[in-house]
Every structure is written in C-alpha cells, then in structure tokens.
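We count ligands from 1, going down the list as the structure has it; atoms in each ligand are counted the same way. Given the structure is predicted, the values throughout are model-derived calculations rather than measurements.
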Amino acid sequence: MTQQTSKIPISSIILDEDIYPRKGIDHRRVGIFAENIRDGFRFDPIEVEQCPASPDLYRLLDGAHRWSAYKSTGVTEIEAVIKDLDGNDPLLYAAKKAIGPRQLSEDEAKDTARRAYTGNSSLSSADIGKAIGRSRQTVDVYIADLRAVNQMALDIKIFRMHRLGIPQDRISERLGLARTSFQYHLPKMPVLANSANGDLSRGFTVAQVAQKHGWTDPMVWSLALEGKNDHDRFKELGWGFNTWDKWEWNDCDKRFGDDWPGRIPAQLIAHILRCFSKPDDLILDPMAGGGVTPDTCLAMGRRCWAFDMMDRPETRPEIESWTWDISSDQGLLWPVSAKEKPGLIIFDPPYFDKKADSYDKKSISGLSRKAYLEFIEAFLVLLKLNVKKKTRLAFINADWRDFQNTPAIEEKYKGGILIDDYLDILKRTGWYHTHIIQAPMSSQRFNAGVVSAMQEKNILGVISRYVIILGQEC
Ligand SMILES: C[S@@+](CC[C@H](N)C(=O)[O-])C[C@H]1O[C@@H](n2cnc3c(N)ncnc32)[C@H](O)[C@@H]1O
C-alpha cells in the first residue's frame, strides 16, 4: 500500500511522552543515524499524527531516533506520513512500530501495557500483548492490580445504578458491558452491601465507611437507612421537616449532589420526595445536573432515572446522557422504551438564561424567551404522553426579571418570565397544580458590594423560586 508523505517542519513535531513506549532516546543510535544522513543516506519517512491538544503540532508515532538525528544535522524539514489512527490507541500503535527494529525491554513493555490499560480499560490483554510483543498471559500479570481496582470501581457503579432501579440493559449500555457479563457482576452486589453494612454496625460513621470503600456518601446512606420510614430518615440525616408551604435553606447539603451551576438543596428534593412520593417509587429527573435528585433518592429509598446533556460517565454514570432537542427532525423524543413509568417527575430546568454561560451551548438556557417558553410547552406535552395518569410533576422554577441595572420602577410588564407564565403553559398542557410552595434561593449569593449598589438604585433582585406540584386531573 502506498502512503502519502509530506514534508513538514521539524520544529512542528514533538515527542509526546504520553504515547512514547520507550524509556528514553538512545543517543548512540541517534549519533549513528546522523552520520548516515551526512553520508547521504535517506531514511524511511517518520510517522506522526496531529496533536489532539494543539492541531498546529504533530506528535511522533514512529521514528523518534530518525527525527532526532535529522534535527541534530540542522535539517529544517522532514518527510513524514501523517496518520489518522481513527480511534485506535496511539500508544499501542507507537509500541507496535517501536518493536519492529528492537523489542521493548521488560520495563518498557510493562510500563506501556499499564499506561495503555489505564488510558482505556476496555483494551483486552491480547490486544495490548500484540502491540507490545508479549503474550496475553504476560499482560494479564502486568495489569492485574489495575484490573482489580477497575473491576471494583465498575462494581460500585453497577451497585449504585442498580439500587436506583435503572434497568440492566441501560446499565450495560452505559458502562460498555456485554449483557452476559452483567450476570457475573450481579452476585457481587450483596457482598458489597454486606461489607459496608458490617462497618456501619461496628459503629463507623457513614462518611468513614464511604471513604474506606471508595463509595459516595449517598450510597452508604442508602444502606444505613434501609427499612426506616421517611420521618426517621430525615432525623438521621439531620434535616428538620418544614410543615408549612415555605421551604427555605441558606445552604445546600454538601453531602448530596456535586458543586454545579444552579444546584438546589438536597433538603428541597427530600421534602418533595417525602410529601409527594412513597418509598421505592420511581422518580424521573430529566435535567439532573449535579445529581442532587439521584443522591437524595438513594438516601430516601426511592428509585431514580436521571438524564442530562452534560455527560459524566465516570463520576455520574447514573445520569444518562440525553439532550432534549426540540429542533431535531423528529422533534422531542423520549429517551427510554421501558414499560415502567415514573410516579413523580422532578423538573428543574435552567431558569431561562440564568447561568447560560455555565451550561452547554445546546442548553435551553441559550434560547430566546419565546423559544424557551415553546420548549417548556412541548416538553410538558411530551411528559404527559409518556407517564401514567397518576404521575405527579414537581416543577421548580424561579421568577426571571432583567433587574441587573434597572430600578424596579422601570421594569416592563413583558420583560420577564414570572410564575403566571408557567402556570398558563402548565394548564394549557393539562397539568393542574395542587400546591405552589415558595422555596426562595438564598440571598447570600449576592455580595455586599452588589447589594449596596442595588440599594442605591432601588433595584429589586430576584430570589423567588417555586416548587409547583401538579397532577393531571382538574
Ligand atoms: C438548573 S440545572 C439542574 C440542577 C440540578 N437540579 C442540581 O441541583 O444539580 C439545569 C440542567 O439542565 C441541563 N439542560 C439544559 N438544557 C438541556 C437539554 N436541552 N437537554 C438536557 N439537559 C439540559 C443543564 O445541563 C443543567 O445541568
């Protein structure tokens, strides 16, 4: 097969240690090559690929010694094949090339195998072995400890997703597992639970057990509180119950959910769960963000399917990747084909363009006011088509007014999106509210300087936020 070669500046090529399989350059070899070049010998072209981080540069795949030799003779351009590896592992490709002229040393082979596996744990020992010139069994030994840690991390993910009631086919797909290998992981789940339960019964705290086992706190809470009723769960978690329809907290409970733009307090989710769902109910969070809902569901003994456009398979495998896209050819689609339908939906969309800079470009926070409201309407219709008649909706939203530099007296009627705008759409789409609960955001997020500037101009900021509880019967 003929290969396209190009002349490229030597200065645009780098040796990227991350994909270099040898311990270092053999300077004696470079010296010999340099002499050969001066004597007029022409070497085969080197191989490079574009650097993923800086497309103006190329990184070496094959020919580090030839490249060094050309450089040392003062040549400015070098003949190279620019490869497109099409998703193949560059380190293993470079290793395969390197062992052509000389086998990797034991250290180099082991190190390359470990680095390749760390970068991509779905690589098989046989594939790694082929690239580095070692048997599958040898590679198994090289990476045994890494594989064990990886298996444990995988089991923990499966445990969490399984406990949240995500069906096996979706867990397998999300974690890149063959359906058959799932059967191998499932029997390990009770063992994982027993070991954490054992530590809890010996008096270790939830945080200590979580740290020891590499679990998240909410996973341990889900075991520690198993069998308790909601009232006792609240007590153990240190949450008071707000009896009235005003729920207010200054802080998010840091044990639940990630630091996320627009994060809501776990206490707020827990109140929704306690008042409007039962243990083991299936909860749906279509825009789950930092994962407060699934975390709180674990602590409150509810199952939860969560989705978000921001995909974090490593840290948040339970939040399945899904973009609700009204502009797609097929319109808004439902992400799952499961027979089971949620009993409660907790919908906490971006509050119009608030935090738009922090979310993905395709977030609905980037839409115009009109398009945003159209999305909300289409989404509420889609929900109705895909849930049970008895399913309730907890719609969380805040008043949006463009108050930034505008004294209250100058704000215009149609400038904002207020609770009545949402209530109109909700009614129009067949969602009828039973409760409007005030759940204001903390005013502490405004710093003192901003507050005093607002006071000078009579600006009225927004901290109003509502949890609107709805059903489908009027
Ligand atoms: C207000 S945040 C949710 C915060 C979450 N309740 C928490 O406490 O962490 C809104 C979320 O909606 C997601 N989002 C916005 N537009 C979306 C879309 N079209 N499809 C899926 N997710 C979207 C954003 O990525 C963001 O995480």
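Of the N or O atoms in Asp285, none lie within a sub-3.5 Å distance of an N or O in ligand 1. In terms of polar-atom proximity, defined here as any N/O pair under 3.5 Å, Met287 makes no such contact with ligand 1. Ligand 1 has a nitrogen or oxygen under 3.5 angstrom from a nitrogen or oxygen of Asp308. Note: an N/O pair closer than 3.5 Å links Asp348 and ligand 1 by distance alone. The distance criterion of under 3.5 Å between nitrogen or oxygen atoms is not met by Pro349 with respect to ligand 1. Considering backbone and side-chain atoms together, Tyr359 places no N or O closer than 3.5 Å to any N or O of ligand 1.
Within the structure, ligand 1 has Pro350 among the residues with a heavy atom less than 4.0 angstrom away. Not a single heavy atom of Phe375 sits less than 4.0 Å from an atom of ligand 1.
Looking at Ala288 against ligand 1, only its backbone comes within 4.0 Å, counting heavy atoms.
Under the 4.5 Å side-chain criterion, counting only non-hydrogen atoms from C-beta, Leu164 is in contact with Cys297.
To the nearest 0.5 Å, atom CG of residue Asp245 and atom SG of residue Cys275 are 10.5 Å apart.
Here the closest non-hydrogen pair linking Gln472 and Lys384 is OE1-CE, 3.6 Å.
If you check each of Met309, Lys355, Lys354, Met310 against atom 18 (C) of ligand 1, the one with the closest non-hydrogen atom is Met309.
A ring pair (Phe, Tyr, Trp, His ring centres under 6.0 Å) with Trp239 holds for exactly one of Trp249, Trp221, Phe234; it is Phe234.
Every atom of ligand 1 is numbered from 1 in the order shown, and the set under 4.0 Å from a heavy atom of Trp322 is 20 (N), 21 (C).
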